[in-house]
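Values below: all heavy atoms of this structure, side chains included; hydrogens, waters and symmetry mates excluded. A note on names: the letters A, B, ... follow the listed sequences, proteins ahead of strands, and every chain is numbered from 1.
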Number of protein chains: 2
Amino acid sequence: MTPSGRSAEPEVIWARPQRAGRGPRPAHSRDSIAAEAVRIADAEGIEAVSMRRVATGIGAGTMSLYNYVPRKEDLYELMVDAVSGEYEFTPPSGDWRADLLALAHRTRELMHRHPWLPRLLSPVYGFGPNALRYLEHCLACLAPLGVPGGEKLELVAAVNGSVATFVAAELALAERARSLPWSEAAEQGVRTAWLGSRLATGEYPLLAAALTGGHPVAEAEADMDAVFDRSVSRLLGAWEQPAHTP
Amino acid sequence: MTPSGRSAEPEVIWARPQRAGRGPRPAHSRDSIAAEAVRIADAEGIEAVSMRRVATGIGAGTMSLYNYVPRKEDLYELMVDAVSGEYEFTPPSGDWRADLLALAHRTRELMHRHPWLPRLLSPVYGFGPNALRYLEHCLACLAPLGVPGGEKLELVAAVNGSVATFVAAELALAERARSLPWSEAAEQGVRTAWLGSRLATGEYPLLAAALTGGHPVAEAEADMDAVFDRSVSRLLGAWEQPAHTP
DNA sequence: CCTAGTTACGTACACCGTACGGAGTCAGGT
DNA sequence: ACCTGACTCCGTACGGTGTACGTAACTAGG
C-alpha cells in the first residue's frame with residue numbers, strides 16, 4: 001500500500017528511518033552517500049553531482065539510490081548537513097560578539113573547503129541534526145545579548161546570509177572557471193577589459209573613482225580577510241544598540 | 001577565422017555587437033529574448049527557462065538562439081540586467097540612510113516580482129549596463145558618507161546580500177512548492193512536524209524557547225515588512241560610526 | 001559581382017532526473 | 001515452519017536538457 005521509496009507524499013528525509021524493519025539490510029548508509037556526494041562536489045563542482053554519479057561512486061545501481069534518497073533535493077540536504085558536522089564548537093566565552101565573529105570565520109573556512117555550500121544554503125534547507133546543533137550553539141553564545149530569542153535567530157540568519165554572499169562573491173570567478181573551457185585568467189581578463197571600456201566612457205564617474213581609487217585589484221586578495229572581518233564586525237556592531245528607527 | 005557564435009574564447013555578452021556588419025539582419029533582439037526568458041521564469045519558475053523554450057517562445061529554432069546567446073549562463077545575465085532596468089531612480093535626497101533603505105525596499109519588491117532573482121544574483125553576474133547604472137546611483141546617494149569609494153561598494157554589496165538572503169528565505173517555501181507535486185501547506189506541515197518532534201526531545205532547549213517564545217508563525221507573515229525594515233536599518237546603522245575593532 | 005562572414009536551423013550526442021516493474025531477501029503473523 | 005507482504009536492488013525507458021556540428025540562405029564590403 002505504501003511502499004517505502006515510492007510514496008508521492010511530502011516527506012522530510014530526516015524523519016525517514018535509515019533501516020526499515022522488514023526487508024534485507026541496506027547495503028549502504030546515508031552517511032556514506034552524503035560523503036560520496038560531498039567528495040564529488042568538492043572535486044568537480046556541484047554540477048557533477050548526479051544520482052547516477054553518486055550511485056556508481058558507492059558501487060550501487062542508479063535506481064538503488066532512490067531507496068535512500070527519494071529526490072535529488074534530499075541529496076542536497078544530506079550534503080549540507082554532512083558538512084555542517086565539521087563545526088567544532090567551543091564553549092561560549094561570554095563575549096557574544098567575539099564568539100559569533102569566530103563562528104563566522106569557521107563558516108567562511110567551511111565554505112572555502114566546500115565551495116558549493118553558499119549556493120545550496122540559499123534556500124532554507126531544513127533543519128538537519130547538525131544544523132540544529134549549530135543553531136543551539138549560536139543561541140548559547142548569544143545568551144548574554146538582551147534581545148528576545150526570535151531576534152537572536154534573525155541575527156544568526158543575517159550573519160550567515162552575509163557570510164554566504166561574501167564567500168559566493170569571493171568564489172564566483174574561481175567557480176565559474178571550473179566549468180568553462182578557458183582559464184580563469186582569460187575570463188577575468190575579458191571581464192575587466194569590458195568594465196574598463198565602459199568606465200572609460202565617462203558615464204559612470206563615481207563608479208570609476210570608487211574602483212580605481214582604492215586598492216588596484218592586485219592586493220585585493222590579500223585584503224579579503226580584513227574586509228571580511230570588518231564587514232562581519234560591522235554587522236554584529238549593529239546589534240549592540242537597539243534598532244534605530246528615526 | 002572567428003565566426004561570431006562559434007568561438008571557444010572567453011567573451012562578455014555585453015561586448016558582443018548586437019548586429020554584425022556582414023550577414024542578414026537578425027530577426028530578433030537581445031531585449032526581446034531577455035523579455036521572453038523573464039516572462040517564462042516569472043510564470044513557471046527559473047527551471048522552466050531552457051534554450052528550447054525561449055527559442056520557440058520568440059518563434060525561432062532552438063539553435064538560432066545561440067547566435068544571440070552563446071551560453072545559457074549568458075541568458076541568465078541578460079535576464080538579471082533586464083529586470084535591473086525596472087529601477088526608477090529618484091535624485092539623492094542628501095540623507096544616504098533613507099535613500100539606501102528606500103532602494104532596499106525597491107530591491108525587495110523587484111525580487112518579489114521576479115522570485116528567481118535572488119538565486120541568479122548570488123554569483124556576481126557581471127556588470128551589465130543596468131547594473132552599472134544602479135551602482136552609479138547608489139554611489140551618488142552615498143556621496144554624503146565620509147568613507148572611501150571602495151568601502152561604499154562594500155556597503156552596497158552588504159545591503160544587497162542581506163536583501164537577497166532575506167527575500168530568498170521569504171520565498172523559499174513558496175518557490176519550493178512550485179515544483180513539487182504536493183501543496184505548500186502539506187510540505188510546511190511535515191517540516192514543522194519534524195521540527196516539533198526534534199524540539200520535543202529536549203536536546204535543543206534554547207532553540208525551542210526561541211522558536212516557540214516569539215511570534216507563533218501565524219503572524220510572522222504580517223511582520224515581514226517590519227522585520228525587513230529593521231534588519232536593513234540595523235545594517236545601515238552599522239556604517240554610521242567607523243568600524244569598531246577592539 | 002563575388003565572396004567571406006553571418007544568420008537560421010535540423011540533426012545528433014551525451015547526460016540528466018526519475019517512473020515502472022520484476023527478482024531476490026528477509027521479518028512477522030499464523 | 002511456512003507463508004506473505006514489505007523492502008532492497010537495479011535494468012530499462014521516457015522525456016527532458018545544453019550544445020557541437022553541418023548545411024543552406026542571405027547580405028555587405030572589396
Side-chain angles (χ1 to χ4, degrees), chain A residues 1-9 11 13 16-30 32-33 37 40-41 44-78 176 179-182, chain B residues 1-9 11 13 16-30 32-33 37 40-41 44-77 179-182:
Chain A
M1 191 63 93
T2 313
S4 80
R6 214 58 67 79
S7 78
E9 313 243 322
E11 192 179 13
I13 178 110
R16 162 192 284 242
Q18 291 228 34
R19 169 102 163 86
R22 261 320 171 48
R25 61 166 25 80
H28 311 280
S29 75
R30 208 175 272 172
S32 67
I33 290 169
I40 295 172
E44 303 171 46
I46 187 65
E47 74 280 357
V49 175
S50 72
M51 297 299 270
R52 275 171 242 259
R53 192 84 159 62
V54 172
T56 64
I58 62 171
T62 304
M63 293 313 290
S64 305
L65 199 53
Y66 281 86
N67 286 316
Y68 303 85
V69 182
R71 296 179 316 272
K72 195 185 182 186
E73 236 192 31
D74 292 317
L75 183 58
Y76 290 149
E77 278 204 43
L78 289 185
R176 191 199 327 253
S179 63
L180 252 37
W182 46 76
Chain B
M1 190 64 91
T2 313
S4 79
R6 215 57 69 80
S7 79
E9 314 242 322
E11 192 179 13
I13 179 118
R16 160 192 287 241
Q18 290 228 34
R19 169 103 164 85
R22 261 319 170 46
R25 60 168 25 83
H28 310 278
S29 76
R30 207 175 273 170
S32 68
I33 290 169
I40 295 172
E44 303 171 47
I46 187 65
E47 75 279 358
V49 175
S50 73
M51 297 299 270
R52 275 170 243 259
R53 191 85 160 63
V54 172
T56 63
I58 61 171
T62 304
M63 294 313 290
S64 306
L65 199 52
Y66 282 85
N67 286 319
Y68 301 86
V69 181
R71 298 179 313 273
K72 195 185 181 186
E73 235 192 32
D74 292 317
L75 183 59
Y76 290 149
E77 278 203 45
S179 63
L180 251 38
W182 47 75

Closest to the Ala27(A) side chain, choosing from dC9(D), dG17(C), dT19(D):
dC9(D)

What does Ala55(A) touch in the nucleic acid at a heavy-atom separation under 4.0 angstrom: a base, only the sugar-phosphate, or nothing?
nothing

Is Tyr68(B) reaching over with its side chain to a backbone N or O of His28(B), donor-acceptor style, under 3.5 angstrom?
yes

Assert: residue with more 5' nearest nucleotide on DNA chain C, out of Arg19(B) and Met63(B), is Arg19(B)

Is there side-chain contact between Leu75(B) and Ile33(B), with heavy atoms separated by less than 4.5 Å?
yes

Using a cut-off of strictly less than 4.0 Å, decide whether Ser64(A) has a side-chain nitrogen or oxygen near OP1 or OP2 of dC10(D).
yes

Of the listed nucleotides (dT6(C), dG17(C), dC9(D)), which one gets closest to any side-chain atom of Lys72(A)?
dG17(C)

Check the distance between dT17(D)'s C1' and Leu65(B)'s CG and give it to me in whole angstrom.
14 Å

Check every strand shown and say whether Ser50(B) touches a base, only sugar-phosphate, or nothing at a heavy-atom separation below 4.0 Å.
sugar-phosphate

With DNA chain D as reference, determine whether Thr62(B) or His28(A) sits nearer its 5' end, using the nearest nucleotide of each.
His28(A)

At under 4.0 Å between heavy atoms, what does Gly23(B) touch on the DNA or RNA strands: base, sugar-phosphate, or nothing?
base

Output side-chain donor-acceptor pairs under 3.5 Å for residues 45-56 of chain B, partner residues at least two apart or in another chain, one line each.
residue  : atom : partner  : partner atom : Å
Ser50(B) : OG   : Arg53(B) : N            : 3.1
Arg53(B) : NH2  : Glu44(B) : OE1          : 2.9
Arg53(B) : NH2  : Glu44(B) : OE2          : 2.3
Thr56(B) : OG1  : Arg52(B) : O            : 3.2
Thr56(B) : OG1  : Arg53(B) : O            : 3.1

Grab the two heavy atoms, one from Ser32(B) and one from Ser29(B), that are nearest each other, plus how far apart they are.
OG-O, 2.9 Å

Provide, to the nearest angstrom, the distance between the OH atom belonging to Tyr66(A) and the P atom belonging to dG22(C).
21 Å

Can you work out whether Arg52(A) or Arg53(B) has the more 5'-proximal nearest nucleotide on DNA chain D?
Arg52(A)

Given the structure, check if the side chain of Arg22(A) and the base of dG28(C) hold any donor-acceptor pair shorter than 3.5 Å.
no

Which pairs with one or both residues in residues 18-29 of chain A pass salt bridge (charged side-chain N to carboxylate O under 4.0 Å, His left out), sequence neighbours excluded?
none

Calculate the interatomic distance between Ile58(A) atom CD1 and dC9(D) atom P; express it in whole Å.
9 Å

Side chain of Arg25(B) only, heavy atoms from C-beta on: which candidate in dT19(D), dT18(C), dA28(D) is closest?
dA28(D)

Quick check for you: among dC9(D), dT27(D), dG17(C), whose closest atom lies nearest to any side-chain atom of Pro24(B)?
dT27(D)

Judged by each residue's nearest nucleotide on DNA chain C, which is more toward the 5′ side, Gly59(B) or Met51(A)?
Gly59(B)

Atom CZ of Arg71(B) and atom P of dT17(D) are separated, to the nearest Å, by 20 Å

So if I take every side-chain heavy atom of Tyr68(B) and compare against dA8(C), dC10(D), dG17(C), which nucleotide ends up nearest?
dA8(C)

